[in-house]
Amino acid sequence: MKYRLLSWFLMLAVIALPLALAVMLTGQAILAFVFFYPLLMSGLWMIGGLSFYLHYERHWKWGETSAERDVPDLAGLPLVSIIVPCFNEARNGEATILAALGQHYANIEVIAVNDGSSDTTGALLERLAAQHPRLRVLHLAQNQGKAMALRMGALAARSDYLVCIDGDAMLDPDAVPFLVRPLLDHPRVGAVTGNPRVRTRSTLTGAVQVGEFSSIIGLIKRTQRIYGQVFTVSGVITAFRRQAVARVDYWSLDMVTEDIDISWKLQRDHWSIFYEPRALCWILMPETLRGLWQQRLRWAQGGAEILIKNLGTLRHWKNRRLWMLLLEFTLSALWAYSFALSIVLHVLGWFMELPVHLRVETLVPPAFTGLVLAGFCLVQFLISILIERRYEKGFARSLVWIVWYPLVFWMLNLFTTLVSFPQVMLGKKRKRARWVSPDRGIKPLDTMP
């Protein structure tokens, strides 16, 4: 009952606030917020990304081989457990497991959790386990969801350091030392999230995502790390301190995005989360609009669930360090509903005479405003090239397609936010979040670039 009441309250607040602003302000003021909020966030990401780069990355050596990189040593050579939850990974699972076993750091074990796959994933994993002594396989009789698969892998692990990756991801050979070193050096670090790189780029949708993960998501991660809190670790590549995840009761079984949830649980328990861009992982992403919609809708639903789950506890002063993340997420949701409201006011103006202060004559920004937005976008992409070029060959060529980002992804984020909030706030609370096989692209690269 408490959950339902809070859901109703939040949905009414998110929808009513733009309407209240429309009454108190003008249609043009709302439109100004719609145009200038992305500008503000872009500036914040650029400043944060450059600060991170100047403080950390510009001093790092980076080459094509381990001998040319500043690969850290792990004092005492501790055992590291790599956990790979798998569901219907017959097509990509072998490459993932072999990449995990191919780490240059030798003291590892790989735990593959077959989460009730309906294809030949189980047989594939057993064949690989017979060939590689460092690989262990756990079989769950039925699909229990990624959170349960991760929990079972963590309980079976022999190490205090858990590197968790997806069943279709390929770890860079030097990823483990980069991920684990901060856990050894800083006792209050509970997780270290890595740097996903997109392998699927045979379509415009895939190519745009290459630029998005670098020029948008990479800068966001750096900025959030600068001000101390991270909205979410990357579910496809993160190292956890076993003690930390045990203290917060592991991954929640009822959350649609277990990576966002574990991030907030750790930070509410006052564990820090680091971002390590040198820990690379090559991932598969959707290359169809339908697959992209389903993925981003799930991400938006996960964010809405986190807001509902944490709103009550975040009012306490002890959780003040998470207020910045709460503000950022709330403003993003408000932006989406304000954008929708400005469209509604513009369309209504075609059919009825609205009060002068509510009129939205055009949705096209003034020439100067559009020029400023385009300039900020260009500068942001140039900064991302400066920072990310060391991690991937030919990276700048992929950013040619990023000009489509505002059209494709801003609209996608707008509509997923509009759809996800009512779905989460009015839907029934799940007992278990299970997964299905996502869109993994049309033609992934055969090897890591």
Side-chain angles (χ1 to χ4, degrees), residues 6-7 9-11 13-14 17 33 37-52 182 186 188-196 212-213 216-236 238 240 244-245 247-248 251-252 255-277 296 298-338 413-414 416-417 420-421 424-425:
L6 182 60
S7 298
F9 173 77
L10 284 173
M11 188 183 73
V14 169
L17 189 54
F33 172 68
Y37 175 70
L39 189 69
L40 171 66
M41 296 310 297
S42 177
L44 178 65
W45 298 336
M46 287 190 287
I47 294 171
L50 280 173
S51 298
F52 187 98
H186 307 281
R188 290 305 301 172
V189 172
V192 180
T193 184
N195 185 358
E212 179 202 16
F213 266 72
I216 308 295
I217 295 178
L219 291 182
I220 292 174
K221 284 284 196 297
R222 289 173 172 88
T223 301
Q224 291 177 345
R225 181 55 216 150
I226 285 294
Y227 63 69
Q229 304 297 307
V230 175
F231 186 82
T232 178
V233 299
S234 176
V236 73
T238 299
F240 295 95
V245 294
R247 272 180 55 101
V248 300
W251 294 264
S252 299
M255 304 298 288
V256 69
T257 49
E258 82 296 327
D259 48 357
I260 304 178
D261 180 66
I262 193 68
S263 305
W264 284 69
K265 287 170 70 172
L266 289 172
Q267 291 172 120
R268 285 204 323 266
D269 197 40
H270 305 294
W271 293 96
S272 293
I273 295 177
F274 277 14
Y275 172 59
E276 176 49 81
R296 299 309 166 96
R298 184 176 68 85
W299 289 3
Q301 289 172 339
E305 287 182 348
I306 290 301
L307 178 62
I308 295 172
K309 180 177 180 179
N310 290 277
L311 194 59
T313 60
L314 289 182
R315 70 180 187 274
H316 299 300
W317 178 252
K318 66 179 181 179
N319 292 320
R320 62 191 179 278
R321 295 186 66 190
L322 290 167
W323 290 353
M324 182 67 77
L325 293 180
L326 177 64
L327 176 64
E328 180 183 332
F329 183 78
T330 303
L331 286 176
S332 296
L334 180 61
W335 174 83
Y337 279 90
S338 297
N413 292 337
L414 165 66
T416 54
T417 299
S420 64
F421 267 82
V424 170
M425 294 175 180

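When all heavy atoms are compared, the tightest approach of D259 to G235 is OD2-N, 3.3 Å.
R225 contributes no side-chain N or O that, together with a main-chain N or O of R222, makes up a donor-acceptor pair within less than 3.5 Å. Between the side chain of T257 and the backbone N or O of W299, no donor-acceptor pair lies under 3.5 Å. A donor-acceptor distance shorter than 3.5 angstrom exists from the side chain of T223 to the backbone of W45, with no hydrogens or angles considered.
Put simply, OG1 on T417 and CG on L334 are 11.0 Å apart, with the number rounded to the nearest 0.5 Å. How far CG of L326 is from CH2 of W264: 5.5 Å, rounded to the nearest 0.5 Å. For the atom pair CG (L414) and OG (S338), the distance works out to 10.5 Å, reported to the nearest 0.5 Å. From Q229, atom CD reaches atom CG of L266 across 11.0 Å, with rounding to the nearest 0.5 Å. Note that the CZ atom of F231 and the CG atom of L322 stand 10.5 Å from one another [nearest 0.5 Å]. With rounding to the nearest 0.5 Å, the separation of CG in L307 from CG in L325 is 12.0 Å.
With sequence neighbours left out, the side-chain contact (heavy atoms from CB on, under 4.5 Å) criterion links L40 to no other residue.
Between the side chains of S234 and K221, no donor N or O sits under 3.5 Å from an acceptor N or O.
Residues E328 and Y227 are in side-chain contact: their nearest non-hydrogen atoms beyond the backbone lie under 4.5 Å apart. Two residues are said to be in side-chain contact when any heavy atoms from C-beta on lie closer than 4.5 Å; M255 and I306 meet this criterion.
The side-chain contact (heavy atoms from CB on, under 4.5 Å) with T238 is formed by just one residue from the set V192, V233, T232; it is V233.
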Could you check V245 against K265 for side chain to side chain contact (heavy atoms under 4.5 Å, CB included), going step by step and ending with a plain yes or no? CA-CA 9 Å; V245 294; K265 287 170 70 172; over 6 Å; no
Applying side-chain hydrogen bond (donor to acceptor under 3.5 Å, both in side chains) to Y37 and S332, what does each step give before you reach the verdict? CA-CA 8 Å; Y37 175 70; S332 296; 3.0 Å; yes
Donor-acceptor contacts under 3.5 Å from residues 267-276 side chains, at least two apart:
{"unit_1": "Q267", "atom_1": "OE1", "unit_2": "V230", "atom_2": "N", "d": "2.9"}
{"unit_1": "Q267", "atom_1": "NE2", "unit_2": "V230", "atom_2": "O", "d": "2.8"}
{"unit_1": "Q267", "atom_1": "NE2", "unit_2": "S263", "atom_2": "O", "d": "3.1"}
{"unit_1": "R268", "atom_1": "NH1", "unit_2": "N310", "atom_2": "OD1", "d": "2.3"}
{"unit_1": "D269", "atom_1": "OD1", "unit_2": "R247", "atom_2": "NH2", "d": "2.9"}
{"unit_1": "D269", "atom_1": "OD2", "unit_2": "R247", "atom_2": "NE", "d": "2.8"}
{"unit_1": "D269", "atom_1": "OD2", "unit_2": "R247", "atom_2": "NH2", "d": "3.1"}
{"unit_1": "D269", "atom_1": "OD2", "unit_2": "W271", "atom_2": "NE1", "d": "2.9"}
{"unit_1": "E276", "atom_1": "OE1", "unit_2": "R278", "atom_2": "NH2", "d": "3.2"}
{"unit_1": "E276", "atom_1": "OE2", "unit_2": "R278", "atom_2": "N", "d": "2.9"}
{"unit_1": "E276", "atom_1": "OE2", "unit_2": "R278", "atom_2": "NE", "d": "3.0"}

